[in-house]
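Values below: all heavy atoms of this structure, side chains included; hydrogens, waters and symmetry mates excluded. Proteins get letters first, then strands, A, B, ... in listed order; numbering begins at 1 in each.
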Amino acid sequence: MIPPVLPPPVIEAPAPPTPEAAAPGAFVAAALTETQVEVDSGFAGASIVLYGAVFNPGDTPADVVVVVRGPDRPVRLVRKVRIAGLWLNSRPVLFEGAPGFYMTASTRPLGEITDFGTLRRLGVGVDHLRIDAPEEAATITRYGVRDVVVSRLGEDYLDWRRAVIRLRENADLYDTVPDGVSFVDDGLFRAEVVLPTEAPIGTYEAEVWLFQDGEAVSVRRRSLTVEKVGIERAIFDFAHEQPWWYGLLSVLLAGLTGWGASVWFRRT
Amino acid sequence: MDIYLPIAEMSVNAPLLIVLGAVVGFISGLFGIGGGFLMAPVLVFLGVPPAVAVASQANHVVASSASSVLAYTAKRGVDYRMGGIMALGGAIGAVAGVELFRLLRLLGQADLVVSLSYLIFLGAIGALMLHESLNTILRRRRGEPPARRQTRRPLWLYGLPLRMRFPRSGLYISALPPLGLGVCAGILSAIMGVGGGFILVPAMLYILRMKASVVVGTSLFQIIITTAITTVLQAGRNQTVDIVLASLLLFGGVIGAQYGARASGRFRADELRAVMGLLVLLVGLQMGLGLFIRPDEMFAFAPGAGQ
């Protein structure tokens with residue numbers, strides 16, 4: 001058996017020192033073990049390792065924060081309301097966009113690394129991730145259904161926003177790992193990105209921030225794609241591109257199976 | 001052994017689904033019903049999105065009904081004329097039902113309507129069947145003669161226009177009541193993912209008073225056509241049919257249906273009806289009572305945003 005030839009791990013060469021960087025600040029480099037996650041019939045989630053290096057010439061301790069965002073999609077939510085003793089769904093509320101996947105991993109809890117304002121400005125942490133809402137509440141009609149679009153300034157915006165995060169956290173789609181970044185050697189760190197089976201298909205952005213004294217001093221961005229491959233891809237595309245033929249084929253398959261089983265059983 | 005479902009976008013345990021298909025198929029063959037009303041709650045419990053569960057199991061119903069209808073054809077137990085008229089109604093109902101379901105999903109009210117339909121239809125029919133069959137069993141136990149079957153059909157069956165002869169069912173009635181029954185079954189097929197056998201069989205027995213020997217076969221024939229149309233419509237309109245999920249279910253389903261059909265000969269009809277009534281009643285209560293319990297999570301995602 002000849003062992004398969006593996007490509008050497010991609011290591012980002014440190015940027016060549018420039019004259020401006022005469023007093024070089026700390027900076028960070030990072031890469032992912034996989035940049036493409038393939039969803040096939042055996043897909044049961046994926047675990048990807050992000051690793052990188054901190055170049056820190058000074059003595060100031062540095063913290064690393066890894067943020068991974070999945071593709072943005074609109075979100076519709078309903079709230080249970082009690083009417084005449086029955087628990088019913090309210091009219092749907094629409095957010096214009098929320099990441100389909102969001103995780104942060106860091107060397108320490110985010111609150112210890114930097115202050116609230118910085119996290120909010122950078123959009124780091126589930127409490128600060130951007131869930132789009134306009135400034136004014138409105139109703140829009142989509143597919144013949146009137147949705148409420150909540151306002152960013154409205155009273156219950158926070159409730160709805162927290163609900164999106166909680167529901168996604170329960171599905172393992174949003175995650176906060178305060179000790180998810182660990183140093184394996186001097187300046188060399190790793191973090192694990194766990195994608196559940198329900199992780200949406202699309203392009204993911206990974207940001208690696210380096211903090212010193214509560215200030216973001218360096219950032220690296222990497223991207224990764226999650227896509228269906230093989231038979232799963234073929235079925236998904238078939239079902240969406242030629243839905244009527246797909247339906248006919250499904251029925252035909254079912255009818256033939258039933259007929260075949262009946263014939264086969266009568267013989268035996 | 002987990003397998004990824006491309007449309008439901010989740011992974012499930014394949015042997016578990018095959019066993020589930022087989023159990024539901026067995027029940028379906030035993031009672032001569034599609035068995036869809038049992039499948040949907042279990043699939044939803046396993047985490048399959050309700051819309052995908054309802055659409056994919058309609059496909060499973062096609063297979064298990066096709067598997068058992070052939071056995072009835074051999075026994076001349078299918079009234080094709082009656083079945084054809086009900087299937088025509090079923091097609092109309094399915095088109096309306098799929099559109100209705102689409103709108104309800106977008107409104108976020110699909111769960112409510114599904115739960116209420118289960119509670120009302122299954123609850124009422126289960127209770128009636130249980131009551132009727134227990135009475136019959138009690139009378140037999142006491143040695144009393146069976147209650148005289150009321151052979152007179154409701155008069156309005158004859159008052160309506162478009163009268164037709166149905167020689168196999170022994171009927172000469174208007175085509176409108178069977179057509180209307182078909183429409184109801186078609187709407188239910190789209191909303192609950194069921195074939196509608198649990199409504200059709202009692203209605204054919206107690207309202208139309210068809211010959212008992214052709215009731216089950218005819219209802220199965222009608223169910224195949226209605227659920228086949230529903231599957232195509234759900235796939236074409238909502239893209240919610242998961243062929244991998246459906247294949248797993250129907251693989252076990254067709255085998256189970258055959259054993260079920262064989263086993264049905266060993267039991268008394270009234271005892272079978274009592275068990276089925278109890279089953280229908282329990283499923284209906286289980287699905288419907290959730291509406292009265294304060295939910296743990298006050299929010300839920302509604303579909304229709306990102307697609």
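- The aromatic ring centres of A:W87 and B:F292 sit 6.0 Å or more apart.
- Of the atoms belonging to B:S56, not a single heavy atom falls under 4.5 Å from chain A.
- Contact count against chain B (heavy-atom pairs under 4.5 Å) is highest for A:A163 among A:G100, A:A163, A:G45.
- Summarising the geometry, atom CD1 belonging to A:I235 is positioned 7.5 Å from atom CG belonging to B:D242; distances are rounded to the nearest 0.5 Å.
- Of the two parts of B:I229, neither the backbone nor the side chain holds a non-hydrogen atom closer than 4.5 Å to a non-hydrogen atom of chain A.
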Side chain to side chain contact (heavy atoms under 4.5 Å, CB included) assessment of B:L233 paired with A:W244: CA-CA 8 Å; B:L233 287 173; A:W244 298 99; 4.0 Å; yes
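- Among B:G236, B:A235, B:A257, the residue with the largest count of heavy-atom pairs under 4.5 Å with chain A is B:G236.
- If you take CD1 on B:I224 and CH2 on A:W259, they are separated by 13.5 Å, rounding to the nearest 0.5 Å.
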Trace of the side chain to side chain contact (heavy atoms under 4.5 Å, CB included) decision for A:Y246 with B:V241: CA-CA 9 Å; A:Y246 173 87; B:V241 176; 4.0 Å; yes
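- Of the residues considered (A:V39, A:T197, A:V78, A:V81), A:V78 shows the highest number of contacts with chain B, using heavy-atom pairs under 4.5 Å.
- Taking chain B as the reference chain and counting heavy-atom pairs below 4.5 Å, the highest number among A:A254, A:G260, A:G247 is found for A:A254.
- When all heavy atoms are compared, the tightest approach of B:Q239 to A:A239 is CG-O, 3.2 Å.
- No other option in A:R82, A:E198, A:R168 has as many heavy-atom pairs under 4.5 Å with chain B as A:R168.
- Among B:L250, B:V62, B:I255, the single residue meeting the side-chain contact (heavy atoms from CB on, under 4.5 Å) criterion with A:T257 is B:L250.
- One distance of note links NZ of A:K228 with OH of B:Y4; it measures 4.5 Å at 0.5 Å rounding.
- For B:Y259, the part sitting under 4.5 Å from any heavy atom of chain A is the side chain, from C-beta outward, and nothing else.
- Note: B:N59 leads B:T231, B:N59, B:T227 in heavy-atom pairs under 4.5 Å with chain A.
- Proximity to chain A (any heavy atom under 4.5 Å) is shown, for B:A228, by both the backbone and the side chain.
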Full working for side chain to side chain contact (heavy atoms under 4.5 Å, CB included) between A:W264 and B:Q258: CA-CA 10 Å; A:W264 189 74; B:Q258 291 293 327; over 6 Å; no
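- Around atom CG of A:L256, more than 12 heavy atoms belonging to other residues, nucleotides or ligands sit under 6.0 Å away.
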